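Just below is one structure, and these are the notes that go with it.
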There are 2 protein chains.
Amino acid sequence: MIRPHPLDRVILRGLQEDATQSARKLAAGRLNSAAIQRRIQKLEEAGAIRSRRVILDREALGFGVTVFLGVKLATKGRVSLDDFERAVAAIPEVQTVQHVLGVYDYRLRVVARDLSDFERVLRRRIMTLPGVGQVDANVLLSEERRPGPI
Amino acid sequence: MIRPHPLDRVILRGLQEDATQSARKLAAGRLNSAAIQRRIQKLEEAGAIRSRRVILDREALGFGVTVFLGVKLATKGRVSLDDFERAVAAIPEVQTVQHVLGVYDYRLRVVARDLSDFERVLRRRIMTLPGVGQVDANVLLSEERRPGPI
DNA sequence: CTTGAAAAGAACTGCCT
DNA sequence: AGGCAGTTCTTTTCAAG
């Protein structure tokens, strides 16, 4: 397990907010940019940083509807989990697949152009998935991502 | 609304997987790096790209437990929504706050070091939030993020 | 583990097609 | 809008404290 140095925590927090920040800005006078650079590299090698990605604005791109689906499977053998996951992977509108333990078996983040587009996805793609039992839905109104603990 | 050029779709898809990719790699022989560069800048100005962030490996950092909470409020006036959101914002373990319409009123992504740490957060932090009614939980087993439609 | 400098690479700009 | 070339900034590497 990685126990990040206090300086590393500052770096990780900064990169979480904006990954384009140069090492020089992250240093902010406290340290040399090369030192920060080395710390970032160490963190990446140690696996603390999983990936660097762009977050798209789906609404600006014409996908104004985001819905979270909670799925309960009707049949839960190992094969049915594999089948379900394989079939879900073929649906382009599904942005995230989470295998969970609790009220649901799977949670899906689904994006669509509008509600009627979402209905199409739900009827043709989701409800026809192998092994699907009950499906609950929540429509996203607003979302705030926060740094979380480090 | 932004209607991205086919080339832009390729670029956005690439940047979603790995935002460190240089324009040269994204071009991949098809185009000049400067052309890609300009397209990326246009996309950023148009608001297609919301932000660039690092995704941390919480497990590697000692936060092995991720739980999704579905929260139903007991009282749902405008004031209680504001109160709830303000109070939630003060909990460092809460990584995401989603205001939703459907089965729940709010969905929270909560990270903790282990299950007993999570119990502490749940009892001391979540259940004491103003206006909280019923709380459902799902423990994350595995997660797959996919590109989604563009 | 930090510094400072030098080398390599990527991003941005103007001009041309 | 794509290509080319020059400038600037960032990352990377390395010797040294």
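Letters A, B, ... mirror the listed sequences (proteins, then strands); counts begin at 1. What you are looking at is a predicted structure, and each value in this text was computed from that prediction instead of being measured.
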Protein and nucleotides 7-10 of chain C: nitrogen or oxygen contacts under 3.5 angstrom:
from	atom 1	to	atom 2	distance (Å)
C/dA10	OP2	B/Arg24	NH2	2.9

Taking every non-hydrogen atom, the tightest pair across [X] and [Y]:
{"X": "B/Ile150", "Y": "A/Arg58", "value": "CG1-NH1, 4.2 Å"}
{"X": "A/Ala87", "Y": "A/Pro130", "value": "CB-CD, 3.6 Å"}
{"X": "A/Leu69", "Y": "A/Ala137", "value": "CD2-CB, 3.7 Å"}
{"X": "B/Leu108", "Y": "B/Val71", "value": "CD1-CG2, 4.1 Å"}
{"X": "A/Met1", "Y": "B/Leu61", "value": "CG-C, 4.2 Å"}
{"X": "B/Asp105", "Y": "B/Leu73", "value": "OD2-N, 2.8 Å"}

Just the atom pairs and distances: protein N or O near nucleotides 14-17 of chain C's N or O, under 3.5 Å.
from	atom 1	to	atom 2	distance (Å)
C/dG14	O6	B/Arg38	NH1	3.3

Any side-chain to backbone donor/acceptor pair from A/Asn138 onto B/Val103? Under 3.5 Å, distance only.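 Yes: the side chain of A/Asn138 pairs with the backbone of B/Val103.
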Nearest whole angstrom, please: distance from the [atom2] of [N] to the [atom1] of [X].
{"X": "B/Ile36", "N": "D/dA1", "atom1": "CD1", "atom2": "C1'", "result": "12 Å"}
{"X": "A/Asp8", "N": "C/dC1", "atom1": "CG", "atom2": "C1'", "result": "12 Å"}
{"X": "B/Leu26", "N": "C/dA11", "atom1": "CG", "atom2": "C1'", "result": "13 Å"}
{"X": "A/Ile40", "N": "D/dT11", "atom1": "CD1", "atom2": "P", "result": "7 Å"}
{"X": "A/Lys42", "N": "C/dT2", "atom1": "NZ", "atom2": "C1'", "result": "14 Å"}
{"X": "B/Leu7", "N": "D/dG2", "atom1": "CG", "atom2": "P", "result": "6 Å"}
{"X": "B/Asn32", "N": "D/dG2", "atom1": "CG", "atom2": "C1'", "result": "7 Å"}
{"X": "B/Gln41", "N": "D/dG2", "atom1": "CD", "atom2": "C1'", "result": "16 Å"}

Beyond-backbone contact of A/Arg13 with A/Glu17, side-chain heavy atoms, under 4.5 angstrom: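 Side-chain contact under 4.5 Å: no.
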Are A/Glu44 and A/Arg52 within salt-bridge range, i.e. N to O under 4.0 Å?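 Salt bridge flag = yes for A/Arg52 with A/Glu44.
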Polar side chain donor-acceptor pair, A/Tyr104 to A/Gln98, under 3.5 angstrom: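 The answer is no; no qualifying pair exists.
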Does A/Glu59 CD have over 12 foreign heavy atoms under 6.0 Å away?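 At most 12 heavy atoms, drawn from other residues, nucleotides or ligands, come within 6.0 Å of this atom.
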Would you jot down, in residue-number order, the residues of residues 43-55 of chain A having a non-hydrogen atom under 4.0 Å from DNA chain D?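 None, since no heavy atom is under 4.0 Å.
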